[in-house]
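Let me begin by presenting the structure, written as structure tokens, before commenting on it.
Whatever order the structure lists ligands and atoms in, that order sets their numbers, starting from 1. Below, all heavy atoms of this structure are taken into account, side chains as well, without hydrogens, waters or symmetry copies.
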Amino acid sequence: MGRRSCQGLTGSPRVLKKMPTDDLHLIIIGGGPAGLTAGLYAARARLNVLLVERGSFGGQVLTTHKVENYPGFPEGIPGPELADLFQQHAKAFGLETRSETVRKVWTEDGMYLVELGDHTLRSSSLILASGSRPRQLGVRGEGRLRGRGVSYCATCDGAFFRGEDLAVVGGGDSAVEEALFLTRFARAVTIIHRRDVLRATPILQERARQHPAVSFLWNTVIEEILGEQQAVGVKARNLKDGTVNEVNFGGIFITIGHEPETDLFKGLVELDGDGHIVADEATLATSAPGVFAAGDVRRKVLRQVATAVGDGALAVHSVLKYLEDKALLP
Ligand code: NAP
């Protein structure tokens, strides 16, 4: 590790070479745990940095009722509270942020250009931390009834479904967590999973299996979401015997994973078959020089808040090395 591993990231403020107007050392795209951690580290390193986020700061943490596996919070912490702390922390060190949608990203003369609503910013380096969006089932009725009984976020919408019978589709951590959360409001929650083995972590599985309001429909896929103005149920196919049944539900929560937000980056950096950014594990460098990827948007084994913040820190470490090699730092 170079000297910057300590001094650059945690040392006292340094005066940097003046950058031309509007030229930045670093633009961070995305304000989830990875982006905000990168912002914190970059601001502490006194980089000329801007973080751009199109929605609310915090990313998917915002839609998590309670984060139980982020160290330092033995009782767990509500996702929105953790997101707020991340944001406050970065801003306390002077991170500048902008709430705008990035329209286009491209490279010209060794600089990266980021087009926002009505103007374009130039930067020597980028950290892509745009996260992911909920995957859709892609069945009839899903799009039409979205927001009318079809939801992708129990934390956001659960309270609208008091006393209802609800379905949660999926078998991962999100599905089981969301199902358990929904038992606060629902009469009963059915987890509909395409296999007969959950992917979720054992502790969550135990909680779901032991909960009296949670039941399972195994080996089952949804063929259609039923309802005119409001979702009223699903057409479900049993994959073992091929039978198709209509089952009534007052709400259907779809939690079948996420897709990376990388549409903007096609052609700029290498993506894998699933659309995740391919980045070097040791540096988080992408295929484009000076562009680094952090958090859920990149190809990685474990997508958690804890790994996202690690990515944010490492990406800035690599940015500093890149800028230093280009003699852009004093
Ligand atoms: P995930 O782990 O990818 O699980 C997705 C689930 O949806 C799987 O059970 C999968 O079935 C199912 N599925 C996928 N496509 C489907 C389709 N078209 N039709 C029906 N079912 C489909 O996604 P996730 O639960 O959102 O979790 C994402 C990441 O975040 C994971 O790494 C997870 O560990 C992490 N996470 C962690 C926590 C926590 O630590 N507390 C909480 C939430 C999420 P198969 O199993 O058959 O593939």
Query - Identified salt bridge (Lys or Arg N to Asp or Glu O under 4.0 Å) partner of Glu281 from the options Arg299, Arg298, Lys300 - result: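 The single option meeting the salt bridge (Lys or Arg N to Asp or Glu O under 4.0 Å) with Glu281 is Arg298.
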Report task. Drop me the distance from Gln205's CD to Phe216's CZ, to the nearest 0.5 angstrom. Result ->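 Separation between the atoms: 7.5 Å.
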**Report entry** Residues lining ligand 1 [heavy-atom distance under 4.0 Å, listed by chain and residue number]
**Finding:**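 Residues Asn69, Leu137, Gly170, Gly171, Gly172, Asp173, Ser174, Glu177, His193, Arg194, Arg195, Arg199, Ile256, Gly257, His258, Arg303, Gln304 each place a heavy atom under 4.0 Å from ligand 1, listed by chain and number.
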Report task. Mind listing the closest non-hydrogen atom pair of Val278 and Leu271 along with its distance? Result ->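 Heavy-atom minimum between the residues: CG2-C, 3.8 Å.
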Requested in this report: Can you tell me which residue pairs pass the disulfide bond (SG atoms under 2.5 Å apart) test with a partner in residues 146-244, sequence neighbours excluded?
Outcome: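 Counting only pairs at least two positions apart or across chains, the disulfide bond (SG atoms under 2.5 Å apart) contacts touching residues 146-244 are Cys153-Cys156.
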Report task. Please report the C-alpha distance between Tyr41 and Phe93 in whole Å, then the side-chain angles of each, then the deciding distance to 0.1 Å, and finally whether the ring-ring contact (aromatic ring centres under 6.0 Å, His included) criterion is met. Result -> CA-CA 9 Å; Tyr41 274 67; Phe93 283 94; 9.6 Å; no
Query raised in the report: Taking atom types as modelled and ignoring hydrogens, do the side chains of Arg303 and His258 form a donor-acceptor contact shorter than 3.5 angstrom?
Result: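 No - no donor-acceptor pair under 3.5 Å links their side chains.
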